[in-house]
Amino acid sequence: MRVWKGEGTPDGVARYCEEHFPTSLLPELRTIEGFLEARVLVRTADAKSELVVMTTWASLEAVRSFAGENNERAVAEPRVSELLERFDEEVTHFTIVHDVR
């Protein structure tokens with residue numbers, strides 16, 4: 001699982017979720033062999049919202065198809081800087097040990 005985080009105003013985070021993710025990022029992810037699923041989490045407290053994007057992949061090779069050889073580097077289009085006040089330049093990868101649904 002690949003995890004990326006950002007934060008911004010509630011409006012900016014909402015626009016990321018409603019405008020950017022479903023129309024720009026998700027269509028690109030769906031074209032990559034080995035992409036399995038994505039989840040977007042939002043938490044709002046006071047005047048700030050936090051955003052967590054979690055993508056699940058079949059393998060690190062599939063991640064490299066998306067992120068390139070430096071798969072720890074975040075992939076963020078310039079538009080993201082307009083929507084979020086801050087976001088991680090690097091991502092964190094986790095191995096899924098249990099997936100109970």
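These figures come from a predicted structure and were not determined experimentally.
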Minimum side-chain heavy-atom gap E72-N70 below 4.5 Å:
yes

Does a side-chain heavy-atom distance below 4.5 Å link W57 with L29?
yes

Would you name the heavy atoms of [X] and [Y] that are closest together and state the gap between them?
X: S49; Y: P10; answer: OG-CA, 3.3 Å
X: P27; Y: P22; answer: CD-O, 3.4 Å
X: G34; Y: A62; answer: CA-CB, 3.7 Å

Polar side-chain atom of [X] near backbone of [Y] as donor-acceptor pair, under 3.5 Å:
X: R39; Y: T55; value: no
X: W4; Y: D88; value: yes
X: S24; Y: F21; value: no

Under the side-chain contact (heavy atoms from CB on, under 4.5 Å) criterion, do T92 and F94 qualify, and how do the steps go?
CA-CA 7 Å; T92 305; F94 294 89; 3.5 Å; yes

M1 pairs by side-chain contact (heavy atoms from CB on, under 4.5 Å) with which of V91, T56, V63, L36?
T56

Is the closest basic N to carboxylate O distance between K48 and E7 below 4.0 Å?
no

Does R101 pair with E37 as a salt bridge, N-O distance under 4.0 Å?
yes

If you apply the rule side-chain contact (heavy atoms from CB on, under 4.5 Å), what do you find for V42 with E50, and how did you get there?
CA-CA 6 Å; V42 174; E50 297 174 65; over 6 Å; no

For the atom pair CZ (R2) and CE (M54), what is the distance rounded to the nearest 0.5 Å?
14.0 Å

Would you give the length of the straight line joining atom CG of N71 to atom NE2 of H93, rounded to the nearest 0.5 angstrom?
4.5 Å

Under the side-chain contact (heavy atoms from CB on, under 4.5 Å) rule, what do F35 and S65 come out as? Steps first, then yes or no, please.
CA-CA 10 Å; F35 167 72; S65 295; over 6 Å; no

same_hphob_cluster([X], [Y]) at 4.5 Å side-chain heavy-atom cutoff:
X: V40; Y: V13; answer: yes
X: V75; Y: L51; answer: yes
X: L26; Y: Y16; answer: yes
X: V3; Y: L25; answer: no

T31 and F66: side-chain contact (heavy atoms from CB on, under 4.5 Å), yes or no, with the steps?
CA-CA 10 Å; T31 68; F66 170 64; over 6 Å; no

Using side chain to side chain contact (heavy atoms under 4.5 Å, CB included) as the criterion, list what pairs up with R79, not counting sequence neighbours.
R15, E19, H20, E82, L83

